[in-house]
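Note that ligands are numbered from 1 as they come in the structure, with each ligand's atoms numbered from 1 the same way.
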Amino acid sequence: MNKTVSGIKVECVKGDISSQEGITAVVNAANAQLRIGGGVAGAIHRAAGPGLEQESRKLAPIRPGEAVITGGHNLPNKYVIHCLGPVYGQDKPEEKLLAQCYRNALQLAEEKDVDSVAFPAISTGAFGYPLEEAAEVTFQTIKKILPQLKKVKRIRFVLYSDRDYQVFQKALERTLS
Ligand code: AR6
């Protein structure tokens, strides 16, 4: 299911962020040290190989809301954009920090001439951000940014479970109508 707004295709798919063929940059739900972790970060680092951590650790630490970009190493993607989402109930205001992740990631993509970006549901795993709230913030933010994008033509959200997919899909339809 997808929507096209301002000439940019926005879609939700169910899948694994570390196997997104045909996408130029994938986004990592990183930790501050940009090291291998669990969830998305574990999957991305495992698929990318040790070269990714060697490159990313030099850019650490990063703050909540911040994003940095590295090569994709053994991933099928040219770049990895590493975002540190807010820990829910701790890094405040969560909403603003989560929005900054999406904004900063897309800004880096634009700077590197990236045409397609795939995001996981940042902060909704180990960092505890409630899924519905995160989905709302995510698409409200995307909606505001879309008219400003010049290079990015495709934004994909990769959700890991059926429930995550349903919630994000509904928020996409509701927000980008
Ligand atoms: N592909 C797509 N989505 C996934 C995958 C995958 N392979 N694996 C998990 N998810 P999380 P966070 C979903 O915890 O909340 C790490 O340990 C998952 O179900 O990866 O930002 C880091 O090192 C959830 O919906 O990211 C950090 O310390 C979403 O992706 C910390 O966790 C995000 O879950 C970051 O926590």
inquiry  = Tell me whether Asn31 has any N or O atom under 3.5 angstrom from an N or O of ligand 1.
reply    = yes
query = How about Phe157 and Tyr165: are their ring centres within less than 6.0 Å of each other?
reply = no
request  = Around atom 26 (O) of ligand 1, find the nearest protein heavy atom and jot down its residue, atom name and distance.
outcome  = Ala29 CB, 3.5 Å
request  = Indicate, as side chain, backbone, both or neither, the part of Ile36 found under 4.0 angstrom from ligand 1 when only non-hydrogen atoms are considered.
outcome  = neither
Protein heavy atom at shortest distance from atom 32 (O) of ligand 1 = Ala126 CB, 3.5 Å
ask   = Is the shortest side-chain N to carboxylate O distance from Glu110 to Lys151 below 4.0 Å?
value = no
task = Apply salt bridge (charged side-chain N to carboxylate O under 4.0 Å, His left out) to Asp162 and Lys14, showing your working.
result = CA-CA 7 Å; Asp162 280 329; Lys14 207 188 135 191; 3.0 Å; yes
ask   = Under 3.5 Å, N or O to N or O, is Gly38 touching ligand 1 that way?
value = yes
query = Just which atoms of ligand 1 are under 4.0 Å from any heavy atom in Ala43?
reply = 7 (N)
request  = Name the closest protein heavy atom to atom 31 (C) of ligand 1, giving the residue it belongs to and the distance to 0.1 Å.
outcome  = Phe127 CE2, 3.5 Å
inquiry  = For Gly42, state whether at least one heavy atom is located under 4.0 Å from any atom of ligand 1.
reply    = no
task = Could you please spell out the steps behind the salt bridge (charged side-chain N to carboxylate O under 4.0 Å, His left out) verdict for Glu11 and Arg154?
result = CA-CA 8 Å; Glu11 63 186 352; Arg154 185 171 179 192; 3.3 Å; yes
query = Hey, is atom 18 (C) of ligand 1 touched by any protein heavy atom at less than 4.0 Å?
reply = no
task = Determine, using heavy atoms of Ala30 and all atoms of ligand 1, whether some pair is separated by less than 4.0 Å.
result = yes
ask   = Atoms of ligand 1 less than 4.0 Å from Gly15 heavy atoms?
value = 1 (N), 2 (C)
inquiry  = Looking at ligand 1, would Gly85 count as a contact under a 4.0 Å heavy-atom criterion?
reply    = no
task = Can you establish whether the number of heavy atoms outside Glu95 located under 6.0 Å from its atom CD is more than 12?
result = no
query = Under 3.5 Å, is there a donor-acceptor pair between the side chain of Asn104 and the main chain of Gly65?
reply = yes
query = Less than 4.0 Å between a side-chain N and a carboxylate O, is that true for Glu136 and Lys170?
reply = no
Expected output: side-chain Glu53 to main-chain Ile36 donor-acceptor under 3.5 Å = yes
request  = Look only at the side chain of Asn77 and the backbone of Tyr79, and say whether a donor-acceptor pair between them is shorter than 3.5 Å.
outcome  = no
query = Among all protein non-hydrogen atoms, which one is nearest to atom 21 (O) of ligand 1, and what is the separation to 0.1 Å?
reply = Ser123 N, 2.8 Å
request  = Could you check atom 15 (O) of ligand 1 against the protein and tell me its nearest heavy-atom contact, residue, atom and distance included?
outcome  = Gly125 N, 2.8 Å
message = Grouping I, L, V, M, F, W and Y whenever their side-chain heavy atoms are under 4.5 Å apart, do Phe119 and Ile44 come out in a common cluster?
response = no
inquiry  = Out of all atoms in ligand 1, which are within 4.0 Å of some heavy atom of Asp164? Include the element for each.
reply    = 19 (O), 25 (O)
remark   = shortest atom 13 (C) of ligand 1-to-protein heavy-atom contact is with Tyr160 CB, 3.9 Å
ask   = Would you call Lys92 and Glu94 a salt bridge, using N to O less than 4.0 angstrom?
value = yes
task = Scan side-chain atoms only and decide if Ser56 and His82 contain a donor-acceptor pair under the 3.5 Å cut-off.
result = no
key: Proximal atoms of ligand 1 relative to Ala121 (non-hydrogen, under 4.0 Å)   = 29 (C), 33 (C)
query = Closest non-hydrogen protein atom to atom 1 (N) of ligand 1, residue and atom name please, with distance?
reply = Ile17 N, 2.9 Å
key: Heavy-atom nearest neighbour in the protein, as seen from atom 20 (O) of ligand 1, with distance rounded to 0.1 Å   = Val40 N, 2.8 Å
